[in-house]
Amino acid sequence: MTHVPGRPRRRRFTAPAAVVAVVALLATACAGGGDSAKDVQGSYKTLPKESGKPKDGGTATVALTPGLSPNYIYPYPPASANGTVIARGQMWRSLYRPSGEGDQIADTELSLAEAPAYSADRRTVTIKMKDYTWSNGRPVTADDVVFSLALLKASLKESPANWSFYTPGQFPDGVTAKATSADTLTLDLKTAYNPSYLLSMLTLLYVMPSEEWNIARTGGPHLDYSKPRNAKAIYTYLTKQSESQSTFADNPLWQVVNGPYRLKSFDPTTGSFSLAPNKSYKGPGDSRLGQVDFKSFTSAAAVLNQFKAGNLTVGTLDSSFITQIDALKKKGYHVYGAPAPARFDPLVLNFENTTGNFDKIIAQPYIRQALQHLIDQQGYIKSRGVYNGAASPNYSTAGSGSPYPPGFGDKAPHPYDPAAAEKLLADNGWKVARGGSTTCERPGTAAGECGAGIPQGQKIDFPLASANTPAYVGARDIAFASAAKKLGIKVTIVTKSLNYLYTNYGNSFAPANKDKWAAQDYGPLYLAAGYPSSNTVFNKGGSFNLGGYRNAEVDKLINASTFGADPKVLSNEVTSLSKDLPVLFFPTPHTLVVWKNTLSGPPSSFNSLLSFLYSPELWYFRD
């Protein structure tokens with residue numbers, strides 16, 4: 001079912017007591033007093049080893065991220081569908097399986113193909129398929145990859161917003177795929193790509209069955225998908241079929257899979273679903289588990305309660321419940337946590353919102369620098385009201401422990417410093433009214449003036465759309481708004497669900513709503529592990545450039561990391577973005593992964609859960 005949202009309702013945050021509580025907790029944490037979470041910080045940082053003798057069978061129950069219930073099954077949902085896809089990586093593998101390790105782009109062992117080989121000019125790529133089969137016994141072939149690329153192109157021709165990793169003129173534009181044999185794929189590239197960047201894109205190319213899905217109506221003839229008209233008709237049919245949630249488990253289309261699992265059941269009311277092993281799967285892992293149930297939840301508290309009741313096998317724990325770690329261990333759970341690779345938590349800024357001249361205000365680098373100076377990363381981390389000790393400071397798009405770190409290292413370019421924020425405003429024409437309304441006193445574009453398009457008397461007053469889960473999102477937004485108020489900047493928090501934010505607050509796929517939000521905090525943004533390029537996120541025309549950020553110099557750096565031969569230039573891109581602040585940076589929370597100690601498997605399969613990459617085919621219940 002396609003959800004067509006109405007006009008979002010705007011409301012003020014109406015819990016001043018909560019603001020006071022968070023501020024008090026931050027003050028306590030910064031002063032080093034009070035009962036902080038530091039005594040449990042070390043209790044989750046060791047990844048348990050594989051153990052026990054495997055036994056066959058059993059059902060693993062996995063908690064889905066609260067607030068993100070799946071409602072789509074075709075691997076590439078159109079932007080209009082508000083689609084969260086069911087178990088895409090378990091039922092349909094991408095050509096290269098994404099890695100959960102920070103120094104690797106792809107997990108070669110779990111991929112459908114061998115590592116790509118490049119010509120000297122990097123414009124011809126040869127890919128050898130591995131010996132995989134579809135659930136009906138047919139081999140997974142190079143033609144299946146050609147088909148998948150044709151459908152992806154068809155979706156983008158319909159709307160560039162249909163794939164959030166797309167920048168017009170870039171992959172898959174200018175890419176011609178040919179099956180030179182059943183197991184050999186050749187990609188001819190109009191423009192050479194950096195091999196690391198191209199590999200990261202191929203981890204997003206889900207491989208679909210060309211001989212079973214190349215139809216435009218149920219029972220209809222099989223079509224030549226190399227013809228764009230046919231590819232569009234096939235895409236339209238498959239996406240229409242994917243709207244029928246009640247038929248997900250019964251529709252023969254969705255039973256043809258190349259991954260380790262097939263869909264057994266789906267509950268359209270809740271979004272919960274069950275997977276059964278694909279007995280034709282030939283990849284790594286024995287799929288010893290008899291079934292994997294994924295359960296939807298509306299809150300992190302509900303997940304915790306199900307852990308306590310012993311009803312969950314695997315899930316994540318909100319950091320607000322970090323003091324429950326010992327209790328969960330006593331209940332027979334492992335708890336492991338760390339920052340996910342290539343993750344950063346942005347406060348997204350809307351450079352295209354003209355309401356109250358916000359676009360003119362936020363275009364000024366000194367304004368963004370002042371706002372970043374108001375984010376007390378260390379204080380947020382220590383506070384039991386925000387991260388409860390389970391986070392790490394971060395000031396870059398590359399995230400924690402990246403092989404492409406920013407040039408400034410661990411030294412923040414715009415550290416927490418309210419006095420520096422006040423000075424930036426005063427030095428650039430603003431009359432700072434602490435606790436009141438700071439206004440532009442010296443309009444104009446000369447040195448010491450407010451900047452282009454900012455009139456005299458202009459206030460800094462904007463709404464912040466804050467996700468209702470996980471708990472740290474709302475807490476850090478409250479703390480930020482409180483710090484801004486002290487300098488006369490009014491930030492009004494508007495709480496929304498994750499699905500609502502994803503659907504309504506993106507200029508690239510919801511341009512009609514660009515004046516309805518000024519800033520948003522939806523939690524994490526994950527770039528490709530191993531090569532965290534911000535292509536599509538911060539370049540002009542990028543489909544996930546939610547705030548319409550523009551910077552010609554940054555575009556040049558992104559082009560260099562995307563198309564150049566040297567991957568090391570990515571550090572230059574990371575450095576420039578981190579200094580220019582297309583977003584504001586919050587600390588990176590530690591993802592806390594919880595699983596029963598009766599469940600085991602390779603440690604890497606649990607470490608990848610930091611990035612929400614599930615590999616239950618590698619798990620087993622042990623004696």
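All of these numbers come straight from a predicted model, not from anything done at the bench.
- Inter-residue side-chain proximity for F612 and T316 is flagged as met; some heavy-atom pair is nearer than 4.5 Å.
- Note on ring orientation: taking the six-membered ring where Trp is involved, the planes of F344 and F538 are tilted (angle from 30° to 60°).
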* To do: Start with the C-alpha gap between S244 and N251, add the side-chain angles, then the distance that decides, and say whether side-chain contact (heavy atoms from CB on, under 4.5 Å) holds.
  => CA-CA 9 Å; S244 180; N251 192 326; over 6 Å; no

* To do: Report the C-alpha distance between L204 and Y76 in whole Å, list the side-chain angles of each, state the deciding distance to 0.1 Å, and finish with yes or no for side-chain contact (heavy atoms from CB on, under 4.5 Å).
  => CA-CA 10 Å; L204 304 168; Y76 297 111; over 6 Å; no

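- Side-chain polar atoms of D293 and S274 form a donor-acceptor pair below 3.5 angstrom.
- No donor-acceptor pair under 3.5 Å is formed between the side chain of S576 and the backbone N or O of E573.
- No side-chain N or O of N162 forms a donor-acceptor pair with one of S155 less than 3.5 Å apart.
- Atom CG in L464 sits 9.0 Å away from atom CD in Q520 (nearest 0.5 Å).
- Other residues, nucleotides and ligands contribute only 12 or fewer heavy atoms inside 6.0 Å of the NZ atom of K232.
- With I375 as the fixed residue, the side-chain contact (heavy atoms from CB on, under 4.5 Å) test singles out one of F586, F585, Y395: F586.
- Residues L498 and T469 have side chains in contact (heavy-atom distance under 4.5 Å, counting atoms from C-beta outward).
- R88 CZ to I86 CD1: the interatomic distance, rounded to the nearest 0.5 Å, is 11.5 Å.
- Not one N or O on the side chain of N545 forms a donor-acceptor pair closer than 3.5 Å with the backbone of G541.
- By the 30° and 60° cut-offs, the orientation of the rings of F294 relative to Y614 is perpendicular.
- The backbone N or O of G399 lies less than 3.5 Å from no partner atom in the side chain of R343, so there is not a single donor-acceptor pair.
- Put simply, CD1 on I361 and CD1 on I489 are 9.5 Å apart, with the number rounded to the nearest 0.5 Å.
- Listed for the S543 side chain is a donor-acceptor partner under 3.5 Å among the backbone atoms of S164.
- Residues R368 and D580 are paired through a salt bridge, judged by an N-O separation under 4.0 Å between the basic side chain and the carboxylate.
- Side-chain contact, T354 with D359: no donor N or O sits under 3.5 Å from an acceptor N or O.
- The two atoms that bring K514 and N353 nearest to each other are O-CB, 3.5 Å, heavy atoms only.
- Counting only heavy atoms from C-beta outward, the side chains of V348 and W517 approach each other to under 4.5 Å.
- Between W92 and I73 the shortest heavy-atom distance is CZ3-O, 3.4 Å.
- A distance-only check finds a donor-acceptor pair linking the side chain of N71 to the backbone of T84 [under 3.5 Å].
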* Could you go step by step and tell me if D345 and T588 meet the side chain to side chain donor-acceptor pair (under 3.5 Å) rule? -> CA-CA 6 Å; D345 277 48; T588 301; 4.9 Å; no

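- The two residues G102 and P341 come nearest to each other via the heavy atoms CA-CB, 3.5 Å.
- S319 and H590 share no donor-acceptor pair across their side chains, judged by distance under 3.5 Å alone.
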* Asked: Hey, mind stepping through S210 and D144 against side chain to side chain donor-acceptor pair (under 3.5 Å) and telling me if it holds?
  -> CA-CA 5 Å; S210 61; D144 295 319; 2.7 Å; yes

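- Between K540 atom NZ and N551 atom CG the span is 12.0 Å, to the nearest 0.5 Å.
- Distance CG/L151 to OH/Y206: 15.5 Å, rounded to 0.5 Å.
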* Give the intermediate values and the outcome of side chain to side chain donor-acceptor pair (under 3.5 Å) for residues T218 and Y237. => CA-CA 9 Å; T218 303; Y237 168 71; 2.8 Å; yes

* To do: Give the C-alpha distance, both sets of side-chain angles, the deciding distance and a yes or no for side-chain contact (heavy atoms from CB on, under 4.5 Å) between K264 and Q291.
  => CA-CA 9 Å; K264 182 177 181 180; Q291 185 168 308; 2.7 Å; yes

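- Not one N or O on the side chain of N468 forms a donor-acceptor pair closer than 3.5 Å with the backbone of T495.
- The aromatic rings of Y197 and Y193 lie parallel to each other, with less than 30° between the two planes, well short of the 60° mark.
- Taking each heavy atom of P524 and Y472 in turn, the nearest pair found is CD-OH, 4.3 Å.
- Using a 4.5 Å cut-off on side-chain heavy atoms (C-beta onward), F321 and V303 make no contact.
- The distance between the ring centers of F147 and W213 does not fall below 6.0 angstrom.
- The two atoms that bring F351 and P582 nearest to each other are CE1-O, 3.3 Å, heavy atoms only.
- Remark: the backbone N or O of A302 is paired with a side-chain donor or acceptor of S299 at under 3.5 angstrom.
- Checked by atom type, the side-chain pair T61/N311 shows no donor-acceptor distance below 3.5 Å.
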* To do: Verify side-chain contact (heavy atoms from CB on, under 4.5 Å) between F273 and D267, making sure each step is shown before the conclusion.
  => CA-CA 6 Å; F273 59 93; D267 184 345; over 6 Å; no

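- In this structure, the side chains of R476 and Q377 stay at 4.5 Å or more apart for every pair of heavy atoms.
- Side-chain contact between S402 and V574 is absent, with no heavy atoms from C-beta onward closer than 4.5 Å.
- Between the S296 side chain and the T270 main chain, a donor and an acceptor come within less than 3.5 Å of each other.
- The CG atom of N539 sits 9.0 Å away from atom OG of S561, with the distance rounded to the nearest 0.5 Å.
- When all heavy atoms of M91 and R262 are compared, the closest pair comes out as SD-C, 4.0 Å.
- Within the 3.5 Å criterion, the main-chain N or O of A370 finds no donor-acceptor partner in the side chain of H414.
- Of the candidates N535, T536, D173, T167 forms a side chain to side chain donor-acceptor pair (under 3.5 Å) with just one, namely N535.
- Side-chain contact between L263 and W254 is absent, with no heavy-atom pair separated by less than 4.5 Å.
- Put simply, the side chain of N258 gets close to the backbone of V207: a donor and an acceptor are under 3.5 Å apart.
- Within the 4.5 Å cutoff, the side chain of I362 has heavy atoms near those of the L371 side chain.
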